[in-house]
Amino acid sequence: MIEYIRGELAELTPTLAVVEAVGVGYALQISLNTYSALQKGEKMAKLYVHEAIVTGGRDDSFTLYGFSTKQERELYRLLITVSGVGANTARMILSSLSPKELCNVIANGDERVLKSVKGIGLKTAQRIIVDLRDKVISSGIAEELHAGGASAATAVPSPVRDEAVQALSMLGFPPAPSAKVVSQILTEQPELPVEQVIKLALKMIK
């Protein structure tokens, strides 16, 4: 079992990080929160890993998910235990809300905020709160995040529009409506970094 990977950050997009360690390039699926943390410009990166292995079908798969903090990884692992919340949905939630925000939403039973995440309906939002509220509170994740905090987003280079549309496409959204929404956001707020553009787009795409 891989606990974490530390090495040179060879490639970075809003949904994928490639970390080279001992001559091997590891491709890790990431959330926007982790992307923001990696945007500090440092050449070395350390990502905590969750391994997802799917077997038994025609197309077996082995996917690595990377997280900038143990707290975000723990929240991801809690989310995928909820019925109806798969890997992509969990990553979508962690791309729309920071770990601290997510802990507060679950602890306070704020289903409205969870419903604002693309692909999360009322029943799923309620199930997440019911299933995870006690676990989030008892695990101490919320306290750790309030004490240490999650990384703040930093500015990203142009072209923000193309990078945002590409990230939304990788998350499963059609390019045309994604481009329309991203353009609208950047017209109104041209200085937004790409991760914030994507977060807003996730709430607006129909």
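For this chain, numbers begin at 1 and follow the sequence in order.
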Next on the checklist: Is it the case that atom CD in Glu191 sees more than 12 heavy atoms from other parts of the structure closer than 6.0 Å?
Outcome noted: no
Checklist entry - Does Leu12 share a hydrophobic cluster with Leu32, counting links as ILVMFWY side-chain heavy atoms below 4.5 Å and allowing steps through other members? => result yes
Checklist outcome for this item: Scanning both residues in full, the closest heavy-atom pair of Val182 with Ala201 reads CG2-CB, 4.4 Å
Next on the checklist: In this structure, would Val130 and Ile106 fall into the same cluster of hydrophobic residues linked by side-chain contacts under 4.5 Å?
Outcome noted: no
Item to check | Validation row: Pro14, Glu195 side chains within 4.5 angstrom (heavy atoms) | outcome: no
Next on the checklist: Any heavy-atom pair between the side chains of Ser95 and Ile198 that's under 4.5 Å?
Outcome noted: no
Next on the checklist: Does any part of the side chain of Met204, heavy atoms only, come nearer than 4.5 Å to the side chain of Ile185, both counted from C-beta?
Outcome noted: yes
Item to check | Which residues share a side-chain contact (heavy atoms from CB on, under 4.5 Å) with Thr15, sequence neighbours left out | outcome: Thr13, Arg91, Ala167, Met170, Leu171
Checklist entry - Are Tyr26 and Tyr48 linked, directly or through other ILVMFWY residues, by side chains that come within less than 4.5 angstrom of each other? => result no
Next on the checklist: To check you understand the geometry: which heavy-atom pair defines the closest contact between Val136 and Cys103, and what is its length?
Outcome noted: CG1-SG, 3.9 Å
Checklist entry - In terms of ring plane angle, is the pair His50 and Tyr65 parallel, tilted or perpendicular, where the classes change at 30° and 60°? => result tilted
Next on the checklist: If you define the side chain from C-beta out and look only at heavy atoms, does anything of Leu64 sit under 4.5 Å from Ile5?
Outcome noted: yes
Item to check | Exercise: identify the closest heavy-atom pair between Ser178 and Leu168 | outcome: OG-CB, 3.7 Å
Checklist entry - With distance as the sole criterion, is a donor-acceptor pair present between the side chains of Tyr76 and Glu72 under 3.5 Å? => result no
Next on the checklist: Just verifying a value: how many Å separate Lys123 NZ and Lys115 NZ, rounded to the nearest 0.5 Å?
Outcome noted: 12.5 Å
Checklist entry - Do Thr69 and Thr34 come close enough that some side-chain heavy atom pair is under 4.5 Å? => result no
Next on the checklist: Could you check whether any side-chain N or O of Glu111 sits under 3.5 Å from a backbone N or O of Ile129, counting only pairs where one atom can act as donor and the other as acceptor?
Outcome noted: no
Item to check | Leu97 side, atom CG; Leu94 side, atom CG - distance, nearest 0.5 Å | outcome: 8.0 Å
Checklist entry - Is there a donor-acceptor pair closer than 3.5 Å between any side-chain N or O of Arg73 and the backbone N or O of Val49? => result yes
Item to check | Straight-line distance of Asn33 CG to Ile93 CD1, nearest 0.5 Å | outcome: 12.0 Å
Item to check | Rounded distance (nearest 0.5 Å) linking atom NZ of Lys100 with atom CG of Leu75 | outcome: 13.5 Å
Next on the checklist: Is there a path of hydrophobic side-chain contacts, each under 4.5 Å between heavy atoms, that joins Leu9 and Ile30?
Outcome noted: yes
Next on the checklist: Looking at every heavy atom in both Leu202 and Lys118, which two are closest together, and how far apart are they?
Outcome noted: O-CB, 3.2 Å
Item to check | Closest heavy-atom pair and its distance - Ala164, Val197 | outcome: CB-CG1, 4.0 Å
Checklist entry - Is a donor on one side and an acceptor on the other found under 3.5 Å between the side chain of Thr81 and the backbone of Leu78? => result yes
Item to check | Shortest non-hydrogen contact between Leu47 and Gly66, atoms and distance | outcome: CB-CA, 4.2 Å
Item to check | Value rounded to 0.5 Å, distance of CD in Gln166 from CG in Leu16 | outcome: 10.0 Å
Next on the checklist: Is the shortest side-chain heavy-atom distance between Gln196 and Gln189 below 4.5 Å?
Outcome noted: no
Checklist entry - Run the side-chain contact (heavy atoms from CB on, under 4.5 Å) check on Arg127 and Ser83 step by step: do they pass? => result CA-CA 8 Å; Arg127 194 178 299 121; Ser83 176; 3.9 Å; yes
Checklist outcome for this item: Between the CD atom in Glu74 and the CG atom in Leu79, the distance rounded to the nearest 0.5 Å is 10.0 Å
Next on the checklist: In this structure, would Leu200 and Phe173 fall into the same cluster of hydrophobic residues linked by side-chain contacts under 4.5 Å?
Outcome noted: yes
